[in-house]
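See below for the structure under consideration.
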Amino acid sequence: MPRRLQRADFSRSTDAVARRLLGCTLCHRVGDDVIRGRIVEVEAYTDDPASHAADGRRTQRNSVMFGTAGVAYVYFTYGMHHCFNVVTEKEGIPGAVLIRGIESLPHAAGPALVCRAMQLTRRDNGRDLATDPNLWIEAGRRRPRERMIQTTRIGIGKGTDLLRRYYLFGSPGVSRRDRRAESAPVELPDQ
DNA sequence: CACACGATGCGCT
DNA sequence: GCGCATCGTGTGG
């Protein structure tokens, strides 16, 4: 039986957690069903220009980013979409990993599609993935020979030079591929 | 209180 | 590749 990720798994640097989450399974219990998605694409947002916590400002929306690692940060955007993040870093330091793609049934390529498929909304904001009975992440790994690609984040105007997006090569759950990065033979550690 | 815009997705060109 | 839907949130007046 897979291990549930706990506080210590989340209370690390955002990029380390991002990489670690690739291959893990996001689980959401809805009624009698558990919706599962294997995480295949993520982005790291810390104290950088594209983060909701850029310049360290704490607002009502980004508040949980400053709190306990492992807590869900779900926000509403474009008047119609939700995006799901996992809070990282030590208490007081803002950070979160955006889940951008899952594979399983069905695949969901894109952060808003992930929330739609997993039935996650702002009502889930603030839930603790380490303790919540209905929302958790199960440990998982890359498959043998399944490459991790590192590239730039998507849909942002600032911090576009930072290589903080990670995805699993070949997964149908990846939103946008970067052929350039895929052809560069860079071997990355899991964390 | 008004307003500009977004960590997107979809449909059309 | 491009424009638009649609509204919560943050910022500034």
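In what follows, chains carry the letters A, B, and so on, assigned in the order in which the sequence lines appear, proteins first and then strands, with residues in each chain numbered from 1.
- For A/His81, no side-chain nitrogen or oxygen approaches OP1 or OP2 of B/dG9 to under 4.0 Å.
- In terms of phosphate contacts, A/Arg116 brings no side-chain nitrogen or oxygen within less than 4.0 Å of OP1 or OP2 of B/dT8.
- The nearest pair of heavy atoms linking A/Phe84 to A/Cys115 is N-SG, 3.4 Å.
- Here A/Phe76 and A/His81 keep their ring centres 6.0 angstrom or further from each other.
- Nucleic acid contact for A/Arg61: sugar-phosphate only, since backbone atoms but no base atoms lie under 4.0 Å from a heavy atom of the residue.
- Distance A/Asn125 CG to C/dG8 C1': 13 Å, rounded to the nearest Å.
- Under a cutoff of 6.0 Å and an axis angle of 45°, A/Arg177 and A/Tyr167 do not form a cation-pi pair.
- Between the side chain of A/Ser171 and the backbone N or O of A/Leu168, no donor-acceptor pair lies under 3.5 Å.
- Residue ring and nucleobase are stacked for A/Tyr45 and B/dA7, with a centre distance beneath 5.5 angstrom and an angle between planes beneath 30°.
- Using a 4.0 Å cut-off, no side-chain N or O of A/Arg176 falls inside it from OP1 or OP2 of B/dA7.
- The separation between A/Asn62 atom CG and C/dG8 atom C1' is 14 Å, rounded to whole Å.
- Rounding to whole angstrom units, NE2 of residue A/His52 and P of B/dG6 are separated by 10 Å.
- Rounded to whole Å, the distance from CE on A/Met80 to P on B/dA7 is 14 Å.
- Heavy atoms of A/Ala50 sit under 4.0 angstrom from at least one base atom.
- The shortest side-chain heavy-atom distance between A/Leu5 and A/Glu138 does not fall under the 4.5 Å cut-off.
- You'll find that the side chain of A/Leu113 is closest to B/dC10, out of B/dC10, C/dG10, B/dA7.
- Separating the CD atom of A/Glu43 from the C1' atom of B/dT8 is a distance of 12 Å, rounded to the nearest angstrom.
- Looking at the side chain of A/Pro111, the nearest of the listed nucleotides B/dG9, B/dG6, C/dT9 is B/dG9.
- Donor-acceptor pairing under 3.5 Å, judged by distance alone, is absent between the side chain of A/Tyr78 and the base of C/dA5.
- Put simply, A/Phe76 does not rest on the base of C/dG8: the two rings are not both less than 5.5 Å apart at their centres and under 30° in tilt.
- Helical stems in DNA chain B, defined as runs of 3 or more consecutive Watson-Crick or G-U wobble pairs with donor-acceptor distances under 3.5 Å: B:1-6 with C:7-12, B:8-12 with C:1-5.
- The interatomic distance linking A/Met65 (CE) with C/dG10 (P) rounds to 12 Å, in whole Å.
- Across the P atoms, B/dA2 and C/dT6 are found 22 Å apart, a figure rounded to whole Å.
- In this structure, CZ of A/Arg153 is placed 11 Å from P of B/dA7, rounded to the nearest angstrom.
- For the OP1/OP2 pair of C/dT11 and a distance below 4.0 Å, the side-chain nitrogens and oxygens of A/Arg57 include at least one atom meeting the criterion.
- Partners of A/Arg165 under the side-chain hydrogen bond (donor to acceptor under 3.5 Å, both in side chains) rule, at least two apart in sequence or in another chain, are A/Glu41.
- Rounded to whole angstrom, the span from the OH atom of A/Tyr75 across to the P atom of B/dC5 amounts to 18 Å.
- Within the 4.0 Å cut-off from OP1 or OP2 of C/dG10, at least one side-chain nitrogen or oxygen of A/Thr59 is found.
- Within a 6.0 Å sphere centred on CZ of A/Arg176, heavy atoms belonging to other residues, nucleotides or ligands number 12 at most.
- Within the structure, no pair that satisfies the side chain to side chain donor-acceptor pair (under 3.5 Å) test touches residues 22-34 of chain A, not counting sequence neighbours.
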